[in-house]
2 protein chains.
Amino acid sequence: MATKTELRRQELRDNLITIAERTIAKKGLTALRARDLASEAGCAVGAIYNVFGDLTDLVLAVNARTFHRLGADVAEALAEAPQDPVEQLVIMAQAYHRFAADNHLSWRALFDVERAPGEAAPDWYLQEMGQLFTYISDPLAAIFPDRDSHELALLTRALFSSVHGIVLLGLDEASAGVPSDDIDRMIALVLRQIAIVK
Amino acid sequence: MATKTELRRQELRDNLITIAERTIAKKGLTALRARDLASEAGCAVGAIYNVFGDLTDLVLAVNARTFHRLGADVAEALAEAPQDPVEQLVIMAQAYHRFAADNHLSWRALFDVERAPGEAAPDWYLQEMGQLFTYISDPLAAIFPDRDSHELALLTRALFSSVHGIVLLGLDEASAGVPSDDIDRMIALVLRQIAIVK
DNA sequence: AATACTACTGAACTACGTTCAAAGTAGTCA
DNA sequence: TGACTACTTTGAACGTAGTTCAGTAGTATT
């Protein structure tokens with residue numbers, strides 16, 4: 001039965017996710033504190049643990065939203081891209097870069113959650129990842145119609161990882177970050193070169 | 001004057017780095033605890049703070065050693081590599097992969113130290129990084145003699161970042177890691193393709 | 001309305017990194 | 001050598017986290 005209690009719990013859950021989302025976006029994962037969260041949400045600290053197993057679970061819920069927004073941005077970029085599959089790859093990768101730059105701290109939180117060792121990533125994570133991979137493998141299949149599916153899968157993963165690496169190190173201001181235009185240029189360099197059919 | 005005290009401090013310093021190095025290698029950065037460290041080193045907790053500003057400083061000292069070993073491994077691979085510049089790139093990248101796989105937790109610690117926001121990476125970090133970049137840019141200059149230095153610098157960074165990304169996501173067992181051979185294959189796929197001169 | 005069950009609360013517990021007053025030690029000089 | 005001074009080391013105590021759970025308040029059932 002969907003009781004008053006259950007509704008209240010659902011409301012608190014959403015509320016906590018939204019507050020945590022804002023905190024992470026503004027101040028980063030490390031600024032997330034159970035007591036602050038509770039006082040902002042107007043509930044007791046213990047209440048958080050009625051609704052989430054621990055703070056990591058809450059962060060994962062925030063990350064699900066972030067990942068979803070990321071996927072939507074990439075999909076939108078793809079929808080507006082020209083037919084040329086190489087350009088599609090470049091545009092998607094640059095959308096990934098833009099998302100990471102515009103949502104830096106939230107994006108970092110995607111990778112900075114500490115997962116219990118040996119624990120697999122949650123299902124939604126693997127699914128969103130799979131969705132991103134599909135966006136990439138479709139243009140790749142058009143570029144390389146002769147390659148078998150395993151090779152295409154590897155190339156897909158390789159390209160995603162490459163773009164991720166370029167963005168990750170490019171945005172890392174500690175090691176004297178790279179100008180945004182140069183990041184886009186590196187992405188284009190790698191992807192256009194990859195797409196050359198010998 | 002290089003006194004008895006100073007010697008003792010130096011000894012403690014080295015000792016702490018070695019212990020921390022072993023702990024990080026075996027159990028990861030998050031298992032590093034001031035009290036455990038002190039008891040293993042046979043000193044008081046406070047003594048750590050006579051020798052390092054805080055635990056992050058100690059981790060940075062460990063990372064300096066790790067980074068140095070990494071650089072040496074890559075240099076060794078390069079020394080044994082054939083003359084062909086493309087093969088040199090592939091072999092170095094695979095040495096990077098092997099180091100990361102064989103020293104997983106120590107390698108992760110290189111990137112997982114939390115740096116104070118706005119704080120630049122320490123000098124030795126930038127220098128070792130620069131050394132790695134040189135290893136890459138030399139073969140690249142041989143492959144692309146016509147490109148200007150800015151473009152080569154971008155390509156160097158792009159390739160390093162790409163390989164880093166492939167290894168990072170490939171070794172991440174949380175998202176169902178990739179078999180070691182496939183990581184090597186992805187590296188080779190990207191680097192060989194990059195090196196095709198149109 | 002009385003009863004039984006469930007959910008919420010927040011003080012208390014544990015586990016950290018870090019500090020600093022007190023105790024110890026090294027260097028100096030008569 | 002022994003007394004004095006300055007520096008070094010110590011570890012109990014502090015502050016700040018995440019998390020728990022006995023007590024209380026609220027909800028559903030009869």
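Naming convention: chains lettered A, B, ... in sequence-line order (proteins, then strands); numbering from 1 in each chain. Heavy-atom basis, side chains included; hydrogens, waters and symmetry copies ignored.
- Residue A:His68 qualifies as open at atom NE2: its count of foreign heavy atoms under 6.0 Å is 12 or below.
- Between A:Ile48 atom CD1 and D:dA17 atom C1' the separation is 12 Å, expressed in whole Å.
- Straight-line distance from the OH atom of B:Tyr49 to the C1' atom of D:dT8: 18 Å, rounded to whole Å.
- Across the protein-nucleic acid pair, B:Arg13 atom CZ and D:dT8 atom C1' stand 17 Å apart, rounded to whole Å.
- In this model, the phosphate group of D:dG26 is not approached by any side-chain N or O of A:Arg8 to a distance below 4.0 Å at OP1 or OP2.
- Residues B:Arg98 and B:Asp184 are paired through a salt bridge, judged by an N-O separation under 4.0 Å between the basic side chain and the carboxylate.
- Look at A:Asn50 and you'll find a side-chain N or O under 4.0 angstrom from OP1 or OP2 of C:dC8.
- Candidate nucleotides C:dT9, D:dT19, D:dT10 were compared by shortest atom distance to the side chain of A:Ala47, and C:dT9 ranks first.
- Per the geometry, CZ belonging to B:Arg35 stands 13 Å off P belonging to D:dA13, to the nearest Å.
- The pair B:Asp112-B:Arg108 meets the salt-bridge criterion, since a charged nitrogen lies less than 4.0 angstrom from a carboxylate oxygen.
- Listed pair B:Arg9 / D:dT9 meets the phosphate criterion, a side-chain N or O lying under 4.0 Å from OP1 or OP2.
- Heavy-atom neighbours of B:Glu151 CD from other residues, nucleotides or ligands within 6.0 Å: above the threshold of 12.
- If you measure from atom CD of A:Glu11 to atom C1' of C:dA7, you get 16 Å, rounded to the nearest angstrom.
- Among the heavy atoms of the strands lying under 4.0 Å from A:Leu32 are primed sugar atoms or P, OP1, OP2 only; no base atom is included.
- Relative to the side chain of A:Cys43, the nucleotides C:dT18, C:dT9, D:dT19 differ in distance, and C:dT9 lies closest.
- Classification of B:Arg192 and B:Glu87 as a salt-bridged pair holds, one side-chain N sitting under 4.0 Å from a carboxylate O.
- Mapping A:Arg33 and B:Gly42 onto DNA chain D by nearest heavy atom places B:Gly42 at the nucleotide closer to the 5' end.
- Between B:Leu12 atom CG and D:dT10 atom P the separation is 8 Å, expressed in whole Å.
- Rounded to whole Å, atom P of D:dT9 lies 13 Å from atom CD of B:Gln10.
- Note: CG (A:Leu55) to P (C:dC16) measures 17 Å, nearest angstrom.
- Comparing D:dT19, D:dA12, C:dG17 by their closest approach to the side chain of B:Val45 singles out D:dA12.
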